[in-house]
Amino acid sequence: MGSHRRLVPSGFDRGARGATLCVLTAAAAALGVLSAGAAPQDDTRAEVDRLYEEAEHATESYNKADERTDTLRDQVDRAQDRIARQQDRINTMRDALGSLAGAQYRSGGLDPSLALMFSDDPDDYLDKAAVLDRISSRQAGELKELQGAMRDLSQEREEATRKLGELDKSRKAVARHKRTVEQKLSKARQLLNAMPGADRAAYDRASRSGRVPDLTGAVPSSGRAAAAVAAARSAVGRPYVWGANGPSGFDCSGLTQWSYAQAGVGLPRTSQAQAHTGRAVPLSQAQPGDIVTYRGDASHVGMYVGNGQVIHAPYPGAPVRYDPVGMMPVNTVTRP
């Protein structure tokens, strides 16, 4: 992806700056709220941070491949429909040409000069021969044109099928990578579970979604934004699920896509694509419903809901929840 401008958090989220300074991912944001005495060891925190970020990259890659595969499949289906229709036309013309060929054989088995010699009405013969020649030439031209179109469409279908095969292989590769990351996440969770009970309980409390911030006075930018915010708020507490876009589970971009779909607005599937959807606004002017992407590569996304808060699907094991908008470096803020 191309580079994106980095937005600087404004005064409205000063309360989140401490988290912004020490947190690079949603996972680290959860860990960062722990007290110094209860925090996991630095190497464990770094490992969890790395694994969660890697998992999010894998999910976004999977979503992108899935979206491209669906697009190509639609293209292949449309090409096959066009080919079928043109094949019917060709078959019809072949039947017509077959009838003309039979007539030519029956009347033109003789050399044209002999047929003219034995004709009872030479003028009539010449007229019919000229008409027949014009018909044959026209239909032959039409057949040639359709055959050319058939070749083009056949090549298009073959190319689309080839691309579809490549993307299916890519999806399988991403899925394999996803399973590898899940294994790493499981190992990281095992490390966290091996911590002393008080430390583990503090971490688990940081990953819960029961906290509802005060959003009094937060005014959405439009009716559509208001509907999207309402949908996102209704999803709080639902689980993070790989590659899911609702309604029972979500990944980060799936949540924002689903929320806006409830408002009748179509968003792209990936966070990188969502970073370019709508009008860019400064973070200081963010309003409920705005889309906030994170990190330099826009690999995470959430929805701003007012008073310095976003709703997002953080990472596996942590359900959809509220967090400070400055929980990690902001990349873009856009208004669909």
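The structure displayed is predicted, hence computed values, not measured ones.
- With 3.5 Å as the limit, one finds a donor-acceptor pair spanning the side chains of Glu60 and Ser271.
- Salt-bridge formation is not detected for the pair Asp70/Arg68: no Lys NZ or Arg NE/NH1/NH2 atom is positioned less than 4.0 Å from an Asp or Glu carboxylate oxygen.
- No option in Thr334, Thr256, Thr293 other than Thr256 meets the side chain to side chain donor-acceptor pair (under 3.5 Å) test with Gln274.
- For the pair Ala225 and Gly289, the tightest heavy-atom approach, listed with the atom from each and the gap, is CB-CA, 4.1 Å.
- Formation of a donor-acceptor pair under 3.5 Å by the Asn63 side chain with backbone atoms of Thr270 is not found in this model.
- Val305 and Val265 end up in the same hydrophobic cluster when Ile, Leu, Val, Met, Phe, Trp and Tyr side chains are linked at under 4.5 Å.
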Quiz item: Can Phe250 and Val320 be said to form a side chain to side chain contact (heavy atoms under 4.5 Å, CB included), step by step?
Solution: CA-CA 8 Å; Phe250 304 90; Val320 176; 4.0 Å; yes
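- Distance alone, capped at 3.5 Å, places no donor-acceptor pair between the Gln309 side chain and the Val325 backbone.
- Listed for the Tyr260 side chain is no donor-acceptor partner under 3.5 Å among the backbone atoms of Gly264.
- Inter-residue side-chain proximity for Val301 and His312 is flagged as unmet; no heavy-atom pair is nearer than 4.5 Å.
- In terms of heavy-atom proximity, Val219 sits nearest to Pro288 at O-CD, 3.1 Å.
- Between Glu56 and Arg295, at least one side-chain nitrogen of the basic residue sits less than 4.0 Å from a carboxylate oxygen of the acidic one, meeting the salt-bridge criterion.
- Taking a cutoff of 4.0 Å between a charged side-chain nitrogen and a carboxylate oxygen, Arg269 and Asp251 qualify as a salt bridge.
- At least one side-chain heavy atom of Pro213 sits less than 4.5 Å from a side-chain heavy atom of Leu215.
- Counting heavy atoms from C-beta on, the side chains of Arg335 and Ser221 come closer than 4.5 Å.
- The aromatic rings of Tyr294 and His300 lie tilted to each other, with the angle between the two planes from 30° to 60°.
- Of all heavy-atom pairs spanning Ala263 and Arg224, the tightest one is CB-O, 3.3 Å.
- Side-chain atoms of Gln257 come within 3.5 Å of backbone atoms of Leu267 as a donor-acceptor pair (strictly under, hydrogens ignored).
- Heavy-atom minimum distance, Leu255 versus Ala313: CD2-N, 3.8 Å.
- In the hydrophobic clustering of ILVMFWY residues, with side-chain heavy atoms under 4.5 Å counting as a link, Ile311 and Tyr240 come out apart.
- Hydrophobic clustering places Val281 together with Val292 (ILVMFWY residues linked when any side-chain heavy atoms are closer than 4.5 Å, directly or through intermediates).
- Between Val236 and Arg321, the shortest heavy-atom contact is CG1-CA, 4.3 Å.
- Rounded to the nearest 0.5 angstrom, Tyr304 OH and Ile291 CD1 are separated by 13.5 Å.
- For the atom pair CD of Gln75 and CG of Asp77, the computed distance is 10.0 Å after rounding to the nearest 0.5 Å.
- Under 4.0 Å is where a charged nitrogen must lie from a carboxylate oxygen, and between Arg162 and Glu166 at least one such pair does.
- If you take CG on Asn245 and SG on Cys252, they are separated by 12.0 Å, rounding to the nearest 0.5 Å.
- Note that CG of Asn331 is 9.5 Å distant from CD of Gln272, once rounded to the nearest 0.5 Å.
- Across Ser248 and Pro239, no two heavy atoms sit closer than the pair O-CD, 3.2 Å.
- Although no hydrogens or angles enter the test, the distance criterion places no donor-acceptor pair under 3.5 Å between the side chain of Asp290 and the main chain of Val333.
- Judged purely by atom type and a 3.5 angstrom limit, Ser234 uses its side chain to pair as donor or acceptor with the backbone of Ala231.
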